[in-house]
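Side chains included, hydrogens not; waters and symmetry mates left out as well; all remaining heavy atoms used. All residue numbers in this chain count up from 1 along the given sequence.
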Amino acid sequence: MHKTKKADGWSGISILLMVIFLIFLVWPLGNLLKESVYLDGKFSLDAFQEFFGKSYYYGSIFNSLKVGIAVMAVSLLLGIPFAYFYSFYQLKGRKVLFVMCLLGTMSAPFLGAYAWILLMGNSGLVTTMLKSIGIRGITIYGFGGIVFVQALKLFPLVVIYMNGAFRDIDNSLLEAAESMGCKGVKRYFRVIMSLTMPTILAAALLVFMRSFADFGTPVLIGRGYSTFPVLIYNQYLGENGADYHFAAAISVIAVVVTAIIFLIQKFATNKFKFTINSLHPIEPKKAKGIGGILMHIYCYGVVALALLPQLYIINMSFRNYNNSILQPGYSFVNYEKAVEKNLFRAIGNTLIVSIVALAIIIVIAVLLSYLVVRRSNAFNNAIDVISMMPYIMPGGVIGISLIITFSKRPFVLTGSLLIMIIALSIRRMPFTSRSATAAMMKIPTSIEEAAISLGASKAKSFIKITVPMMSSGIISGAILSWVSIITEMSSGVILYNNRTITLTIGTYSAITGGIYGVAAVFATITTIFTIICLVLYLKVTKSEDIQV
């Protein structure tokens, strides 16, 4: 009887989590699907017919796919050599390089786009300098600009993934390959790349998904190159008012496309699936000679280029602007204007939304990881699968589905901070839940059993023993979720109003309003929050590893 009660306790938690996901994720997505196929109460596929009947609409899928594939390829080409040099050689200033790389990936995606407009837009600093020496025609706008900006933003994710993969390689495998005459470049491609292929595919998927779902970069520098997330936003907030029916249809297509890509990646990963036990880890060699110099130039050069936008934004926040016209000199006038444009409200909202959403994410992620690892069954695995659905969805899809569901009685949540908290909790849940599950898998069940045999209840064993042992994995995942919440834009831009404005939305609003100095201030404050997150992460983990 005693055992049944304890089992019922966890069964109750399973049911509660399922109810939460059904109400705030499955129900809204069901309403989204219903909205896409019903018009004025009648079943209709006219929205899908319209979408596939006009090249402007369905072309946006191919545009997003082209961008995603190009960004993925460039990110892999930049990130894999970087990680290889970093892992296999003793580069000078390794910790500085590591911190710079992390800071590059932790910034909001659209901030890079905004900064590159200031640098290489029609009247940008670099564009003006090039024009002065007779070089014209170089622009940041369009397909090439989107790929350039996104790749510089996302290649550190490849570095992070590959660092872990390279550390897992057993040195004896490389020595064996060398003894058989497989050396240098041949060994790199035939042995090292083969051993890390599952990680390469995982990193490629993450980069592709981030690129495919990015709203901020294409909307700022696309200039007519329409991508899927931008199309969803434009149809939802069109000139003639919100068209829920058509926006919902596009959102459903977006989910189907990303799900197909996700399944393809899963299939490819399973083909390369194997386990490595690194009994003899790689020992980094000294980077000598001309090769060592080129490695340092490459690693520091790429990271410096990735960080240049953030440094330039901070500089521009102190420059004198007359709306969008740059004036000589430096001052705090932009900060004064930003205060008038709800800067403090944006900071307050950002903190409230991020802290509350993060608390929800941590609690659910810890409980879910325990249920999946320790009490694995069909019901708990179903909850886990449902919780991972937002991983393959653009933020705009979640935003629209929540508005459709919670804009009418009995649950009117639109226009409140609560709906933004719900959206961000759902959207960023997979990051922390995967990290927590990975941490849970590393804890032997014998430790919990030992605590129970000494008289501790299962609940006490979980709270006092299991959770503390998971803490580093939970905290590292939570900090990354926090960063992604602070810098979230694609769902927030659909959900916000003047009362619920956040730092990223404030930046976007100021950019579209042509108040570049104020936008630089909002962006600078966002960067400061990002640096705080990074410092916290490094203090907690005290390592050069990161779970994404």
Verify the neighbour count for atom CZ of F344: are there more than 12 heavy atoms of other residues, nucleotides or ligands below 6.0 Å? no
Answer yes or no: are there more than 12 heavy-atom neighbours, outside K408 itself, under 6.0 Å from its atom NZ? yes
Between [X] and [Y], is there a donor-acceptor pair closer than 3.5 Å when you use the side chain of the first and the backbone of the second?
X    : Y    : result
S509 : I505 : no
N377 : N380 : yes
S376 : V373 : no

Carefully, step by step, assess V207 and R210 under the rule side chain to side chain contact (heavy atoms under 4.5 Å, CB included). CA-CA 5 Å; V207 169; R210 293 274 184 100; 5.8 Å; no
Only one of F143, W116, F155 forms a ring-ring contact (aromatic ring centres under 6.0 Å, His included) with F148, so which one is it? W116
With sequence neighbours left out, what residues match V385 under side chain to side chain contact (heavy atoms under 4.5 Å, CB included)? none
Can you see whether [X] engages [Y] through a side-chain donor-acceptor pair at a distance of less than 3.5 angstrom?
X    : Y    : value
T227 : N63  : no
S211 : D214 : no
N349 : T500 : no

What orientation do [X] and [Y] show, parallel under 30°, tilted 30 to 60°, or perpendicular over 60°?
X    : Y    : value
W27  : F406 : perpendicular
F212 : F208 : parallel
Y370 : W10  : parallel

Do the ring centers of Y233 and F215 come within less than 6.0 Å of each other? yes
Applying side-chain contact (heavy atoms from CB on, under 4.5 Å) between E35 and each of I404, T405, I400, V252, report the one that passes. I404
When you look at Y57 and F246, which way does the ring pair (Phe, Tyr, Trp, His ring centres under 6.0 Å) test go after all the steps? CA-CA 11 Å; Y57 293 136; F246 193 57; 4.9 Å; yes
